[in-house]
2 protein chains.
Amino acid sequence: MGEVQRSVQEWRATSERALVRAGARPLEAAVQTDVLIEAELRGHPSHGLQRLPTLIERMANGVLTPGQDPDHVWVGSAAARVDGRGGFGPVAARRAVELLVERAEVEPCVVATVANSGHVGMVGLYAEQLAEAGLLGVVLSTSEPLIGAPGGRAAIVGSNPIGIGVPSTPGPFVLDMSTAQVSMGKVLHHRLTGRPLGPNWAMDGRGEATTDPHEATALRAFGGGKGLGLALAFELLVGLLSGTGLGEEVAGTLDTDRPSTKGDLLIALDPTPFVGEGWRHRSSDYLDAVRSSAAGTDPVLVPGDRARRSREQVMARGIAVSTELAATVTALANEKDPS
Amino acid sequence: MGEVQRSVQEWRATSERALVRAGARPLEAAVQTDVLIEAELRGHPSHGLQRLPTLIERMANGVLTPGQDPDHVWVGSAAARVDGRGGFGPVAARRAVELLVERAEVEPCVVATVANSGHVGMVGLYAEQLAEAGLLGVVLSTSEPLIGAPGGRAAIVGSNPIGIGVPSTPGPFVLDMSTAQVSMGKVLHHRLTGRPLGPNWAMDGRGEATTDPHEATALRAFGGGKGLGLALAFELLVGLLSGTGLGEEVAGTLDTDRPSTKGDLLIALDPTPFVGEGWRHRSSDYLDAVRSSAAGTDPVLVPGDRARRSREQVMARGIAVSTELAATVTALANEKDPS
């Protein structure tokens, strides 16, 4: 299977055209596209352009509604509830970030929940936006049940990712991780190509580890019982606070025919009211000490470093996607096939 | 090495007497003792009575000061800074919990930082207290550098634990976990007894995994790079917000001669202002579904279940500690040796 490489600007324009053609307003199309492109830039194609056909099919099926402005209501001095009104996930999440940044000027800890909106993409992007606004950011999101408990017969909890951003030089610390050992996309890819799974990736219907991609019915959490505990805790925090689904109730981030019932939770924290301005250099000093703790010559990488490198490289050389995906996306934009 | 088993009440009284004899006020002695006893009840002796001699030596050395009432200042509508004034960790953390619970009556998200106070014990205890007050609780704490990065020559980040509590029936969901693969106490115990370490527990001075307890210079994070990322993120969140140490700056939770420079961060969230009262049954329903996802006859356990079982058993049969620790603690309380 070959690849098609085009410049970042070209893919951006193609994605925006495809979304507008499907009914999105230009601003929505730009915000949604930005999230897909940024995932490609950071080396996470699982959250990149391959999501576009699903989004457009969701629009065609009426379970993702373009033209919606998110609503919000403040439920406390420093707590907001955002209703995405069935629209694009990144549009609602960006509204939540804007609300947090604005309110953080007067409140050192602000929280926002998001319900009724689509998949937000990489949660780290929003944590990074908060960090770039000078705040500490924590972002959680839920998904369909994908992870099972050891000894359990089915998936019971989402691969619930966490993003944590902290201002730093030369760029923010950005943790972006799922609580699953690997993505379900990776398991499905191994199923298609007939390759065995890694030993800790997945389990079968009896809750036993399996390396047979056809036997796998649920992912394993990363890090054993601790990772599973975090996945469950994040499910509860997000689901209860945002009034969105728990476990089996969650749908609409991977399929094309069900309304989205997942939720998001964003927290912004400003150290300055707690400790004054002196904190700003401390994260950079500490992270430099971590980087220089390497026993060899290659520095230890901290969260955000690899994505920053990837971003520079992909900006320079362009984004490569499979010939098949390129043809699909190009057709959705009604452009001439680039392959 | 034998064991001495005494009732929970007897150990509680002995611990309180030892602390008061060392200079603690009775209320402080009770609060600190409660944390040690609750760790024993939950099956975590690493945070139990074996910490008592260290605490008393810290008092003798003037780096843990009894008789201190924590100070606090509100830095926002829903954000407080607690200063433990060099006193007992559990006293300052309990004050933070009280502040959060009180303010949560009017604010749906409240945060408190704690600085200048000793080791808090199991962070899950405070998350559980918030859950018992009907709130979602998240509690983070830092420690001395104990975890190293793969390829790093030394520990650079604490084994920073997280506690997350959620109200539920028959008892709260309580996650309580460190970000290290195992405790440093476990590594030291293997060094004393000459047994090899597990394959993922620790690394040597070149940042390579080692099973030789004498070569181990740093713990490994749980869950590989994701766990290390969480440990670093928690270090930054707690250290920056509370104005306490980062990395090498952190001391005073394991040693007996340095003031405590670790910090704590507590967050309380109330779903009711976001979604109304209907959320209260949802966590129990969901967790019951998780428990009954078992393929076999034994239910899947969720965080909090094991500790609840342990607590019932230890309450009934009493707390067993090593003959040596029993003699030490009893001598500190100036009681007759029970062994």
Side-chain angles (χ1 to χ4, degrees), chain A residues 75-79 81 106-111 113 136 138 148-149 151-154 156-157 164 166 173 175 177 205-207 222-224 226-227 229-230 232-233 235-237 239-243 246-248 269 271 273-275 279 282-283 286 289-290 293-296 298 300 302-303, chain B residues 75-79 81 106-111 113 136 138 148-149 151-154 156-157 164 166 173 175 177 205-207 222-224 226-227 229-230 232-233 235-237 239-243 246-248 269 271 273-275 279 282-283 286 289-290 293-296 298 300 302-303:
Chain A
V75 299
S77 304
R81 185 160 61 88
V106 290
E107 293 289 354
C109 172
V110 197
V111 63
T113 62
L136 316 185
V138 180
R153 68 182 177 279
I156 38 77
V157 60
I164 300 181
V166 177
F173 172 98
L175 180 70
M177 52 173 266
R206 292 158 304 158
F222 91 100
K226 292 185 180 189
L230 284 174
L232 289 168
E235 184 101 1
L236 289 164
L237 292 178
L240 296 177
L241 281 166
S242 65
L246 294 173
E248 289 289 340
L269 297 148
F274 288 94
V275 296
W279 67 275
R282 295 187 68 215
S283 59
Y286 171 59
V290 172
S293 75
D298 289 336
V300 167
V302 304
Chain B
V75 299
S77 304
R81 186 160 60 89
V106 289
E107 293 288 354
C109 171
V110 198
V111 62
T113 62
L136 316 185
V138 180
R153 65 183 179 279
I156 38 79
V157 61
I164 299 181
V166 177
F173 172 98
L175 180 70
M177 53 171 266
R206 290 158 304 158
F222 91 101
K226 291 186 180 187
L230 284 174
L232 289 168
E235 184 101 2
L236 288 165
L237 292 178
L240 296 178
L241 282 166
S242 66
L246 294 173
E248 289 289 339
L269 297 148
F274 287 93
V275 296
W279 67 275
R282 296 187 67 214
S283 58
Y286 172 58
V290 172
S293 75
D298 289 337
V300 167
V302 303

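In the text below, chain A, chain B and the rest are named by the order of the sequence lines, each starting its count at 1.
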Among [options], which residue has the highest count of heavy-atom pairs closer than 4.5 Å to chain B?
{"options": "A/G227, A/A233, A/A79", "value": "A/A233"}
{"options": "A/G243, A/G224, A/A294", "value": "A/A294"}
{"options": "A/D298, A/L232, A/V106", "value": "A/L232"}
{"options": "A/A78, A/G151, A/P303, A/G207", "value": "A/G151"}

- [ ] May I ask you to test the B/V157-A/V290 pair for a side-chain heavy-atom distance under 4.5 Å?
- [x] no
- [ ] For residues A/F274 and B/V111, determine if any side-chain heavy atom of one lies less than 4.5 Å from a side-chain heavy atom of the other.
- [x] yes
Minimum heavy-atom separation for [X] and [Y], please, with both atom names.
{"X": "B/G76", "Y": "A/P108", "result": "CA-CD, 3.7 Å"}
{"X": "A/M177", "Y": "B/K226", "result": "SD-O, 3.5 Å"}
{"X": "B/C109", "Y": "A/C109", "result": "SG-SG, 3.8 Å"}
{"X": "A/A149", "Y": "B/V300", "result": "CB-CG1, 3.5 Å"}
{"X": "A/G229", "Y": "B/L175", "result": "CA-CD1, 3.7 Å"}
{"X": "B/V275", "Y": "A/S242", "result": "CG1-C, 3.9 Å"}

TODO: Under the ring pair (Phe, Tyr, Trp, His ring centres under 6.0 Å) rule, collect the residues that match up with B/Y286, sequence neighbours excluded.
DONE: none
Open item on the list: List the residues meeting ring pair (Phe, Tyr, Trp, His ring centres under 6.0 Å) with A/F222, not counting sequence neighbours, and say none if there are none.
Closed with: B/F222
Task: Audit row: B/I164, A/L237, side chain to side chain contact (heavy atoms under 4.5 Å, CB included) steps and yes/no - done: CA-CA 9 Å; B/I164 299 181; A/L237 292 178; 4.2 Å; yes
Task: Largest heavy-atom contact set with chain A, pairs under 4.5 Å, which of B/L136, B/V110, B/L236 - done: B/L236
Open item on the list: Please rank B/T113, B/V166, B/V75 by heavy-atom pairs under 4.5 Å with chain A and give me the top one.
Closed with: B/V75
Open item on the list: Please classify the contact of B/L240 with chain A as side chain, backbone, both or neither, using a heavy-atom distance under 4.5 Å.
Closed with: both
Task: chain A contact via B/E235 - side chain, backbone, both or neither, heavy atoms under 4.5 Å - done: side chain
Task: Interatomic spacing from CZ in A/R282 to CG in B/L246 - rounded to 0.5 Å - done: 4.0 Å
